Number of protein chains: 2
Amino acid sequence: MKLVSLSDYLLLRINRTPSKAASDKSKAAGAGKSNAEKARGKGAEKTAANGSKKPDDKGAAKPAEKMPVNRQIYQLIREAILAHTLPAGMQLPSSRDLAGELGMSRNTVTYAYEQLLAEGYLESRTGAGTFVADTAPDQIPEAAERIEPLTDPSGKSELSARGALLTRMAGVGERQWGAFMPGVPDVTCVPHKVWSRLQNKHWRRSNSDLLTYGPGAGYAPLREAVAEYLRVARSVNCNPSQVLITTGIHQSIDIVVKLLGEHGDSAWVEDPCYWGTRSVLNSLGIQSVPIAVDQEGMRMRLANLRRPPRFICTTPSHQYPLGMVMSLSRRRMLLEYAAAHKVWIIEDDYDSEFRYGGRPLASLQGMDTHDRVLYMGTFSKIMFPGLRIGFLVVPESLAKAFSTGIAELYRNGQVFLQATLADFMAEGHFASHIRKMRVLYAERLQLLMQSIGRHFGEKMAITGGEAGLHLVLGLPQECDDVLICEQALQAGIIVRPLSRYYMHARGARRGLLLGYASVPNEEIARSFDKLAAVIKRHLPG
Amino acid sequence: MKLVSLSDYLLLRINRTPSKAASDKSKAAGAGKSNAEKARGKGAEKTAANGSKKPDDKGAAKPAEKMPVNRQIYQLIREAILAHTLPAGMQLPSSRDLAGELGMSRNTVTYAYEQLLAEGYLESRTGAGTFVADTAPDQIPEAAERIEPLTDPSGKSELSARGALLTRMAGVGERQWGAFMPGVPDVTCVPHKVWSRLQNKHWRRSNSDLLTYGPGAGYAPLREAVAEYLRVARSVNCNPSQVLITTGIHQSIDIVVKLLGEHGDSAWVEDPCYWGTRSVLNSLGIQSVPIAVDQEGMRMRLANLRRPPRFICTTPSHQYPLGMVMSLSRRRMLLEYAAAHKVWIIEDDYDSEFRYGGRPLASLQGMDTHDRVLYMGTFSKIMFPGLRIGFLVVPESLAKAFSTGIAELYRNGQVFLQATLADFMAEGHFASHIRKMRVLYAERLQLLMQSIGRHFGEKMAITGGEAGLHLVLGLPQECDDVLICEQALQAGIIVRPLSRYYMHARGARRGLLLGYASVPNEEIARSFDKLAAVIKRHLPG
């Protein structure tokens, strides 16, 4: 159908339902429409399909319903130009004439024309009127035609190899809260009133430094508080200038690798280990070399030692996820090896504040006399994960480069949150929150152990019950722990399969990671009953 | 000096100042010390230096001052073991005996022993007593000795090549607030009371979903609000499932490259462009190919078109930093080229809410019919940079992979902030804040233009004054804009040199980026007077 005039085209498609009302009832859209309106809608759609050679379907009819009329006119003319229904060079009626034909105010049309002029769809020639601009694409020189497309011709996956690996191997769970989600503290215990009070104090002051981009290294008073805390509680050797505030372990690893590593380097990772470590390394082109762990922690083979990696990623205070502590001899060996071969040790100390049998253990960093350790931790487990504040301690000689790198790559901010946390620490709430949580989590650990004992006696090995927020319940090797987790989820229980934390399925130990910290005391037995029922279906014999 | 007994060693070094008091006056440390204490301190240090073959200096004397005595004993014995002053296999006195010799309570000693046992420095043999453990490093097999260190033998820089490039070329400034910092909105105008009220509402409810790890894609109501806003204000074609919440443009580019690109791919970047784009690409091993811009935006040469990149990074609505709008023909050419060669277009739409001559322009994404555009924006310029919330709109077919990728790589959280922002939008504060700021920034732009005119007449070209938060003041090519910026900073004025935004110094235009949005009206003329004085010293003739 060749259009007779621009006004006909527009009249057929404009939806005159007042925009505000339409928007208000948009959710109940179909239901509220009169038959007449529905018919008009259909007619308009039909016209569009006929009237344009290659209709720009997207965002046409639907959004228009909510739009003011002037916006609709703009959109309809734009579509017609893109579809060549209004060809380049064609003169448009004056805004006054078009407004008359449409029975609308001239402003309505002027608005649309001005917007189209600004965007280059129309051009105005002085004294002559308004014309459809030539919006044909800049010509692509012929030579370009010969070029082959870059991505797979099958069109099957558009992800890069790196992206496909990353999403296929993703370790992150769909749900992040409930019994027995590992690695999550009880966020309902955060002293909300205190936190709000401290937060509001900073908002009232309206301090521009707290709301604009932050310094790369983080808010100075928070860095001081963290340095002090780490010195006393974790025997970390540091002054505040070595402490950098990040958004957590993931970002800490990302910046360490970007500043100290090259694409193609390798990293030793504990096997099993935290999935996040492996994924961040993968995403940066670092090859993970799995190192088995025994009761003393990472156990390198000769073949490993012959090829020093760029990085060694380790959780010496509390192996993740199995829970053992790295022995002193193993620690010293790692440090000597790192010093001799210029390897960087990435020490992830994610939750050792919660050690139920005594004080937290000293860090590996504190024993390092050659500046080879990059020590990192997080406030996610002590405070709440949504806070997204962590820290990274680097050797003094690297502090400046790291501060620049963080500012350059992430433009971290949220100084208002960092300031709130600094006050929270300075006023002593932090230390007392840790103490309270340690008592609470110890109780929950006991309750969970009792439940396990009631169902399984001594039959199943429990590891990692000395510290942290979760334990590992060992399963017979013939059990499919992944399947158990799926079935448990159907029963409303979140558990994670130990085998998935290994790099290769072959040789992976079977078991379940059970987080107890976030589960209210009175729910533990009941939830474990449900889980035990699922497990029992899978036990041999 | 050979030690006579463990108790002598300890007595010489223990600092008996009560820990609490010591901690309180720790800042005024030296001043408050008695001469006797000072002498004792010195003696202890001397002993340590003599008594240990290889003293573990770090964290020794200083932290000890603040520590309770039991902790000091633990630390001193630990150092002695590491230094082999207490050799492996040596039997320690019983805790009762040692306590007696030290004149301390037995608990004090027991504490230290237990901690050392837990950490593996001591071992207890049933019925026989407590012994120094063998903490010699695991033996490193000989073969490992032959290996060459990985990093540069000069020991000059420990950064990787990537890290060195990144920190050397860093574009981020030291200061982030003050006249005429570009790219920063007036954060003091954020409606603080409203924001605090909305924030507190969520804190009072103590909703665990808001405090634990967030869903990869972000908080659903915020995604809906953003989708609605982008459809209406920016002609973006999207539904909420395509909108992903990130921490800003940097993270949006990072995830796009990690999921859709490989190390070694290339990306076209506008020349000049935002430094952050180039740095994030560099950090991921993507080669930036500079594409000059003219009045219509990016202008590809034949040589460029012959080699399709993986990505095209562009700012079509408001070229950064020069400010032009990409012409419609250029837009259509880019889209056709991207579709033909499976190139991804990264559309960075960072501040086009603030267009002073009319409505914001339609996005490139809205014209795309082949799903080749990844559209990104930020709340940093509309709200405040410290909020660290941005968004990324991806084709529907990629939404699931991006949601997984974001959760896996960043574990984003801060749902409580996202919820606050969603409410802020839903209650209409967002739209009215934009309107208010647009009026305010237009005023400031006028004031700055007047100041420029007063000092320089029409002599210097101003570009980019139609939209955004900054303009570019052109300088004669013989001016050193970097030097002018340094001298301006000494005069208390922040400006950024245009030449630095180009990939290569050769051919770079000289000029100054002047941000006006965050400068109070009454300060604009005064601050520009200072800047003009610096500029005039550099003008030729």
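A note on names: the letters A, B, ... follow the listed sequences, proteins ahead of strands, and every chain is numbered from 1. Please read all numbers here as calculations on a predicted model, not as lab measurements.
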I'd like to know which of [options] tops the heavy-atom pair count under 4.5 Å against chain A.
| options | result |
| --- | --- |
| B:Pro385, B:Gly285, B:Gly163, B:Ala401 | B:Pro385 |
| B:Leu387, B:Val325, B:Val415 | B:Leu387 |
| B:Asp209, B:Leu210, B:Leu417, B:Asn412 | B:Leu417 |

Exercise for the section: Name the option with the most non-hydrogen atom pairs under 4.5 Å to chain B; the candidates are A:Thr167, A:Thr247, A:Thr212. Expected result: A:Thr212

Completion exercise
Heaviest contributor of heavy-atom pairs below 4.5 Å to chain B, chosen from A:Gly214, A:Ser235, A:Ala161, is A:Ala161

Give a yes or no answer on whether the side chain of [X] reaches the backbone of [Y] with a donor-acceptor pair at less than 3.5 Å.
| X | Y | value |
| --- | --- | --- |
| A:Glu158 | B:Leu398 | no |
| B:His192 | A:Trp203 | no |
| A:Arg411 | B:Arg388 | no |

Search all heavy atoms of [X] against all heavy atoms of [Y] and return the closest pair with its distance.
| X | Y | result |
| --- | --- | --- |
| B:Ser160 | A:Gly261 | OG-O, 3.0 Å |
| A:Leu211 | B:Phe384 | O-CD1, 3.5 Å |
| A:Glu408 | B:His250 | O-CE1, 3.1 Å |
| A:Phe416 | B:Gly386 | CE2-O, 3.3 Å |

Given heavy-atom pairs under 4.5 angstrom as the criterion, report whether the side chain, backbone, both or neither of [X] touches chain B.
| X | value |
| --- | --- |
| A:Trp195 | side chain |
| A:Ile249 | neither |
| A:Gln199 | side chain |
| A:Gln414 | both |
| A:Ser518 | neither |
| A:Val280 | both |
| A:Lys193 | neither |
| A:Ser397 | side chain |

What's the separation between atom [atom1] in [X] and atom [atom2] in [Y], rounded to the nearest 0.5 Å?
| X | Y | atom1 | atom2 | result |
| --- | --- | --- | --- | --- |
| A:Arg162 | B:Leu284 | CZ | CG | 6.0 Å |
| A:Arg332 | B:Leu82 | CZ | CG | 5.0 Å |
| A:Met367 | B:Arg78 | CE | CZ | 6.5 Å |

Part of [X] within contact of chain A (heavy atom distance under 4.5 Å):
| X | result |
| --- | --- |
| B:Val236 | neither |
| B:Gln251 | neither |
| B:Ser380 | side chain |

Practice task
Check the side chains of B:Thr404 and A:Arg168 for a donor-acceptor pair under 3.5 angstrom, ignoring hydrogens and angles.
Solution key: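 No.
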
Problem - A:Ser208 versus B:Trp177, side-chain donor and acceptor atoms under 3.5 Å - result: yes

Handout entry: Residue pair B:Leu409 / A:Leu166, side-chain heavy-atom distance below 4.5 Å
Key = yes

Exercise for the section: Output yes when B:Lys258 and A:Asp254 qualify as a salt bridge under the 4.0 Å nitrogen-oxygen rule, no when they do not. Expected result: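 Yes, this pair counts.
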
